[in-house]
K.L.:
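I'd like to ask some things about the structure below.
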Amino acid sequence: MTRITILSAALALAVAPMAFVSPARADEAACKAVFDAVVKQSGLPVRQKMTIETDGAPGRKMESEMVHMGDKLYMQINGQWITRPYDAKKVAEDARKAMASPDHSCTRVGSESVDGKPADLYSVKSKADNGITTESQIWIAKDRGVPLRQKTVMMPPGKPKMQNEVSFAYDNVTAPAGAK
């Protein structure tokens, strides 16, 4: 798998578990909390630090960063920053459209701290129309209502399992130096 393909998959992993969340299914309050956090995050400047690993290349973790702010998404690929368009309204709308997905569940697991910040921990499980099963743990800040951390396992049928862990930061987010 190329680095760009893995980063594209990582971007999908970062939003996939939340894209299938519906406040009308499973634990309604848990799904609504996760969905609301995703929609809120889509309009905020945020820095995401990711660690990605696949069963196809065990022990070879890839680390990357993404920053989205305004109408730009910055992705670090091979140590270089590239810029892509970012549409927060489209991200929120895509999440709303995905609410029709019947194959998911949400559960509030409890409360934990993430880097000293109080958070609610949710478990989200989903299965997409293409057969990809996703299981995530998402920590949502109690004070701001945005994701602080996310662990996701994506299981595509007939392909190696992919895991990622993402930490989210919202303070002092700036465009990366040298982004093209």
K.L.:
Can you find a side-chain donor-acceptor pair between Y170 and Q41 that sits under 3.5 Å?
P.N.:
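Note: Y170 and Q41 side chains meet the donor-acceptor criterion.
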
K.L.:
Could you check whether any side-chain heavy atom of K151 comes within less than 4.5 Å of a side-chain heavy atom of Q163, counting everything from C-beta outward?
P.N.:
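Sidechains of Q163 and K151: no contact.
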
K.L.:
Work out which heavy atom in R149 is nearest to a heavy atom in V114; give both atom names and the distance.
P.N.:
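Shortest heavy-atom separation between R149 and V114 comes out as CB-CG1, 4.1 Å.
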
K.L.:
Rounded to the nearest 0.5 Å, what separation is found between the CE atom of M75 and the CZ atom of R84?
P.N.:
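Atom-to-atom, M75:CE and R84:CZ are 7.0 Å apart.
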
K.L.:
Roughly how far apart are D36 CG and C31 SG, rounded to 0.5 Å?
P.N.:
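Reported to 0.5 Å precision, the distance equals 11.0 Å.
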
K.L.:
Starting at CD of E135, measure out to NZ of K127 and round the result to the nearest 0.5 Å.
P.N.:
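It comes to 12.0 Å.
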
K.L.:
Would a 4.5 Å heavy-atom cut-off, applied to side chains only, mark D115 and L148 as touching?
P.N.:
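Sidechains of L148 and D115: no contact.
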
K.L.:
Test your reading of the model: is there a side-chain donor-acceptor pair from S64 to the backbone of Q76, 3.5 Å cut-off?
P.N.:
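Yes; at least one donor-acceptor contact below 3.5 Å.
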
K.L.:
Would you indicate whether the side-chain heavy atoms of Y86 and D71 approach each other to under 4.5 Å?
P.N.:
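No, too far: nothing below the 4.5 Å cut-off.
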
K.L.:
Begin from the C-alpha positions of K117 and D143 and carry the test side chain to side chain contact (heavy atoms under 4.5 Å, CB included) through to its verdict.
P.N.:
CA-CA 9 Å; K117 298 173 186 166; D143 63 344; 5.9 Å; no

K.L.:
When T152 is tested against each of V124, N164, I138 for side-chain contact (heavy atoms from CB on, under 4.5 Å), which residue passes?
P.N.:
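The single option meeting the side-chain contact (heavy atoms from CB on, under 4.5 Å) with T152 is N164.
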
K.L.:
Tell me, do M154 and I132 make a side-chain contact under 4.5 Å, heavy atoms counted?
P.N.:
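They are in contact (side-chain heavy atoms under 4.5 Å apart), so the answer is yes.
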
K.L.:
Going from CD1 on I82 to CE on M66, what distance comes out if it is rounded to the nearest 0.5 angstrom?
P.N.:
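Reported value, rounded in 0.5 Å steps: 10.5 Å.
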
K.L.:
What closest approach, in Å, do S42 and A92 show between heavy atoms, and which atom pair accounts for it?
P.N.:
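Closest approach of S42 to A92, heavy atoms only: OG-CB, 3.8 Å.
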
K.L.:
Before accepting this row, confirm whether a basic side-chain N of the pair K90/D94 lies closer than 4.0 Å to the acidic partner's carboxylate O.
P.N.:
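D94 and K90: salt-bridged.
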
K.L.:
Should P176 and E65 count as side-chain neighbours, where that means a heavy-atom distance under 4.5 Å?
P.N.:
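Not in contact.
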
K.L.:
Just so I know, are the side chains of Q150 and F168 near enough to count as touching, which here means a heavy-atom distance under 4.5 Å?
P.N.:
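With C-beta onward as the side chain, the pair touches.
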
K.L.:
Are W81 and M69 connected in the hydrophobic side-chain network, where two residues link if heavy atoms are under 4.5 Å apart?
P.N.:
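Cluster IDs for W81 and M69 match.
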
K.L.:
For I52, which of M162, R60, K61 qualifies under side-chain contact (heavy atoms from CB on, under 4.5 Å)?
P.N.:
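Answer to the side-chain contact (heavy atoms from CB on, under 4.5 Å) test with I52 among M162, R60, K61: M162.
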
K.L.:
One thing to verify: whether R108 and D120 come together as a salt bridge, which I'm taking to mean a side-chain N less than 4.0 angstrom from a carboxylate O.
P.N.:
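Salt bridge flag = yes for R108 with D120.
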
K.L.:
Does N172 CG have over 12 foreign heavy atoms under 6.0 Å away?
P.N.:
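No.
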
K.L.:
Which atoms form the tightest heavy-atom contact between L44 and H68, and what is the distance?
P.N.:
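Heavy-atom minimum between the residues: O-CE1, 3.2 Å.
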
K.L.:
Counting distance only, does the side-chain N/O of E112 pair as donor-acceptor with the main-chain N or O of A119 below 3.5 Å?
P.N.:
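Pair absent, no side-chain N/O of E112 close to backbone of A119.
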
K.L.:
Do E63 and K49 come within less than 4.5 Å of each other through their side chains, counting heavy atoms only?
P.N.:
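Side chain of E63 against side chain of K49, heavy atoms only: no contact under 4.5 Å found.
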
K.L.:
Do you know which two heavy atoms are closest between I140 and G145, and how far apart they sit?
P.N.:
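The pair with the smallest heavy-atom distance is CG2-C, 3.7 Å.
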
K.L.:
Show the nearest heavy-atom pair for residues G43 and A88, with the distance to one decimal.
P.N.:
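Scanning both residues, the minimum pair turns out to be CA-CB, 4.0 Å.
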
K.L.:
Drop me the distance from K40's NZ to R144's CZ, to the nearest 0.5 angstrom.
P.N.:
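Going from NZ on K40 over to CZ on R144, the span is 7.5 Å.
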
K.L.:
Quick check on the hydrophobic clustering: are M50 and V91 connected, directly or via other members, by side-chain heavy-atom contacts under 4.5 Å?
P.N.:
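Yes, it is one cluster - the side chains of M50 and V91 are joined through contacts under 4.5 Å.
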
K.L.:
Any idea which heavy atoms bring R47 and V173 closest together, and the distance?
P.N.:
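Closest pair (atom of R47, atom of V173, distance): N-CG2, 4.0 Å.
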
